[in-house]
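Taking it in order: structure first as C-alpha cells, then the write-up.
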Amino acid sequence: MATVGNKTESERARPPSPPPARSRTTSVQLELLPRARSESAPFESRSRTNSENPGRSGGEGELHHRLLGPSLQKSGQDGVDQVAVSDIIYQASAGSKYFEHQKQKEKELTKKVEAILKQAEKVSKQDLAAAKVLVDALVNKLESTRILDQTIVHIDCDAFYASVEELDFPELKEKPFAVGNGVLCTCNYEARKFGVRSAMAEFVARKICPQLIVLPLNFPKYIAKSNAIKAILSEYDPNICAMTLDEAYLNITEYCQRVGKDRELVVQEIRDRVYRETQLTVSAGIGPNSRVAKIASNMNKPNGQFVIANDRESVMEFMRTLEVRKVTGVGYVLERQLNAVGVIKCGDIYEKAPLLHELFSDINLSFLLDCYLGLGSTVIKPIEQYERKSISCETTFRDLSSPSEIKQKLWQVATDLEKDCKRLNIAGRKLGLKMKKHTYEALSRQRPVAKPINSAEDLYKYGVQMLEKEMPITIRLIGLRLTELVDLSVEGPMKTFLKGSRRSTQVLADTSGGSGGAEETDAAAEDIEEDLGFMIHSQGDSGPNYRSWSKAHTAANLPSAPTESSAGSSSRKRSSSSQPDFSSEAPTDPTSPLTPPPPVPDPTPTDDRIKDEGGPAAEQVACPVCGNLVSGEPSALNQHVDWCLSRGAILEAVQETYTKRLKTG
DNA sequence: GCGGATCAC
DNA sequence: TATGGTGATCCGC
C-alpha cells in the first residue's frame, strides 16, 4: 500500500467514517436513500420543524419529523408533497404502541434540549473566554493532523437491492416497488416519488402508495452482485474496505500515481466498468479523507460522482455550508441539540465551539471540530482487519407474556447465536440479554460467565437466569449478545480452555460434524487441538467452508435453517437435576395433580432412552431445560429442547386452568 | 462495570 | 392489525 498511513488523530474516537460498522450478513442492510438533488435547498423548507408547519404546535411538528424517519434530510423527493406524506404516516401510526413510544421519546428529547438551553444560559462570558483558549488549542492540534496527499473514494450503489431485482424483472423499472418484508429495506426511484423510503413499515408505505410492489429479500443474489463489484474495485485498491454489500471505501492514491491518471477520470472509469460488467450504477465521492468522501458520494446520487479537492480551503468551504445532519454520526438527536444552540451547518461549529465545550463531552467536541475542519481517516484497510467486539442475535414476535413461549424464543436465538459463533469460531466471556417490552421500551441485562461460552445450552442456561429475574413481563423482542470475545482458532492460551471444557460444552461440536466421534479417543495435545478446531469449524452449516473473509459476508444471511420444532407432546420423567425448569415461575406445587404430564410419543426421547442405558456416554449433554442427559448431536438436541419447551407450554396451560378452577370453584 | 441511548446501514 | 437486525460507541451513574 501507499506510503503515507499515519492516521490522523481524529481518526476514530467517534463514529466511524470508514471502517467501523461491521457488515454482518444476517443483518438487513438498509439503504440510505439518497436522491439526485440539484441543491441542498428543497427540503430545507421542510426540515426545520415547527415554524414551517403552521398547523402543528406543541411538538407535533417534531413528532411528524421523527415519524418521517431518517430519509428526510436527503430525500429531496422532487414533486413529493412531504407535508402530505408526513400526515399520512402520522395518521397511519397514530394510536399504535409504536406511535406512543415515539411520542414519549420525543417528549424526553424536548426536555433534554430544553435542559441544554437552560445550561447554556448559565455560561458566563468568562467561561466562554476560557473555553475559547482550550478550543483553539484543540483546533490547532487537530489541524496538525491534516493529511492532504491521499485520494480516498467512497463508492455507494444506487438503490442496491432494488436495482439488482430490476435486472431480473425489467418490467419493474417503471413501477414503484420495494424490497423487504414488513419493513422496507430499499425501494426504487419510482417508489420514492410517492414518498416511499427505506426503513418504512410496509403497511405505511402502502398507504402512501397503494400500488407498491414488495419483493422478498434475496441475499444470495445481492451477495453475488456485490462480490462482482468488489472484484472490480479491488483492482484499483487491493485493500478496499467493504462496509456492507453496497458500500466501500478505496484509497486510489497509488493507482493514480502508477497509471498517471487523474483521480476523477479513474473514478469515472471505475463506475463505467461497474456498470458495463454488472449493469448496476454506483455513485462516488472523492476527497482527501473518508469522512468527506462519504458525504460527497451522496451529493450527486444516483449515478454520479462528486469531488472535493485536496486542499484545505476546498475542504473547509465544502464543510462550511454542509448541514450537520449530513455528517455520518450526527443523527436525529444530536441534530436537534445542535440546532437548538444555533449550529445548523458545520461552518457554525467553530464559532459556537466555546459554548459547545461547556455543553458537550470532550469526545463530542473533538468530533464536531473534526467536522468543522473536514478531517477524517486516510487509512483504508479491509474490514476483516477490524476486531469484532460482540456478536448477537435477536428476534421480534407478537407480544408474549407466557414464560414458556418466551423461553422458546430465547432458545431459538440461543441456537441461532451458537451457529454464528461456531461459524466464526468464537466464544464470549460476557452474556447480554436484551428485551423489548410490548410498549417498545428496551431493557438489557448482562453478566460475566467465567468460561467463554458459545453453545446454545450455555447461552440459554445463563440467558434464562437473567430472563427469569424480569418475569413476569410482556415482550415483543428478545436477544442475546456475547462480548469479551475469544478467538477459538488462535493457538496458545486457548488450549487450556479447550481441553478443560472438552467434555462439557465442546462435546456438541465433537459429535456434530459427522466427521466426529472416532478420533477423539486419546490423542496428543496438538492433535486434540487440531481436531477441535476443525470440528468446531465444520460444525456450521454444510455450505462452503467460509474462512475469514467470505464467511462474514455470505453464509450468515442465507435463510436460517427451518427450525421446525417437534410438536411432540409428552413423555416425561424429569431427572433430579435442579436445572431451571421453564414452568418454574408458575407456582409449581410438587404435589399438584399436573406434575405428571400425559404420556405420548416424542421423537427425541426414544433416542435418549437408548443412550441413557449406558451407551457411549461420550455424546451426551445435559438439556438446558430439563437437565436430562440427551444426545449431544445438534439436531437431536435441538429437537429435544424444542419439545421440552413446548411441553412447558402445555404444562403451563394446564396449570393456568388448574389455578383458575381453584379460584372459581 | 452496567444499563440506557444513539447511530449507521 | 401492523414498525427489523447487527454491531459499535458514548454517557451517566
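Here is the naming used below: chain letters follow the sequence lines, and residue numbers restart at 1 for every chain.
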So, is [X] close to the [N] phosphate, meaning a side-chain N or O under 4.0 Å from OP1 or OP2?
| X | N | result |
| --- | --- | --- |
| A/Tyr332 | B/dC7 | no |
| A/Thr396 | C/dG5 | yes |
| A/Arg476 | C/dT3 | yes |
| A/Ser444 | B/dG4 | yes |
| A/Lys434 | C/dG4 | no |
| A/Thr244 | B/dC9 | no |
| A/Arg447 | B/dC2 | no |
| A/Lys430 | B/dC2 | yes |
| A/Ser198 | B/dC9 | no |

Compute whether any side-chain donor of one residue and acceptor of the other, for [X] and [Y], lie under 3.5 angstrom apart.
| X | Y | value |
| --- | --- | --- |
| A/Thr378 | A/Asn251 | no |
| A/Gln465 | A/Arg447 | yes |
| A/Glu108 | A/Gln104 | yes |
| A/Tyr332 | A/Gln337 | no |
| A/His438 | A/Thr474 | no |

Per [X] side chain, nearest of listed nucleotides [options]:
| X | options | answer |
| --- | --- | --- |
| A/Ile363 | C/dC10, C/dG5, B/dC9 | C/dC10 |
| A/Val183 | B/dC9, C/dG4, C/dT6 | C/dG4 |
| A/Thr328 | C/dG5, C/dT6, B/dA8 | B/dA8 |
| A/Arg388 | B/dC7, C/dG5, C/dA8 | C/dA8 |
| A/Thr395 | C/dG7, C/dA2, C/dG5 | C/dG5 |

Distance check needed: [N] [atom2] versus [X] [atom1], whole Å only.
| X | N | atom1 | atom2 | value |
| --- | --- | --- | --- | --- |
| A/Leu338 | B/dC7 | CG | P | 10 Å |
| A/Leu480 | C/dG5 | CG | C1' | 14 Å |
| A/Ile391 | C/dA8 | CD1 | P | 10 Å |
| A/Leu245 | C/dT6 | CG | P | 15 Å |
| A/Tyr161 | C/dG4 | OH | C1' | 12 Å |
| A/Gln91 | C/dA2 | CD | P | 15 Å |
| A/Asp362 | C/dG12 | CG | P | 11 Å |

Heavy atoms only: give me the nearest A/Val341-A/Leu359 pair and the separation to one decimal. CG1-CD1, 3.8 Å
For [X], report the nucleic acid contact type (base, sugar-phosphate, nothing); a contact means any heavy atom under 4.0 Å.
| X | result |
| --- | --- |
| A/Arg398 | nothing |
| A/Val327 | sugar-phosphate |
| A/Phe99 | nothing |
| A/Arg481 | base |
| A/Gly182 | nothing |
| A/Gln446 | sugar-phosphate |

Between A/His154 and A/Lys105, just flag the one whose closest nucleotide in DNA chain B comes earlier from the 5' side. A/Lys105
Provide the distance between the two P atoms, one in B/dA8 and one in C/dT3, to the nearest whole Å. 24 Å
How about A/Lys221: does its NZ atom have over 12 heavy atoms from other parts shown lying under 6.0 Å from it? yes
If you pin A/Phe360 and A/Ala201 to their nearest nucleotides in DNA chain C, which one's is more 5'? A/Ala201
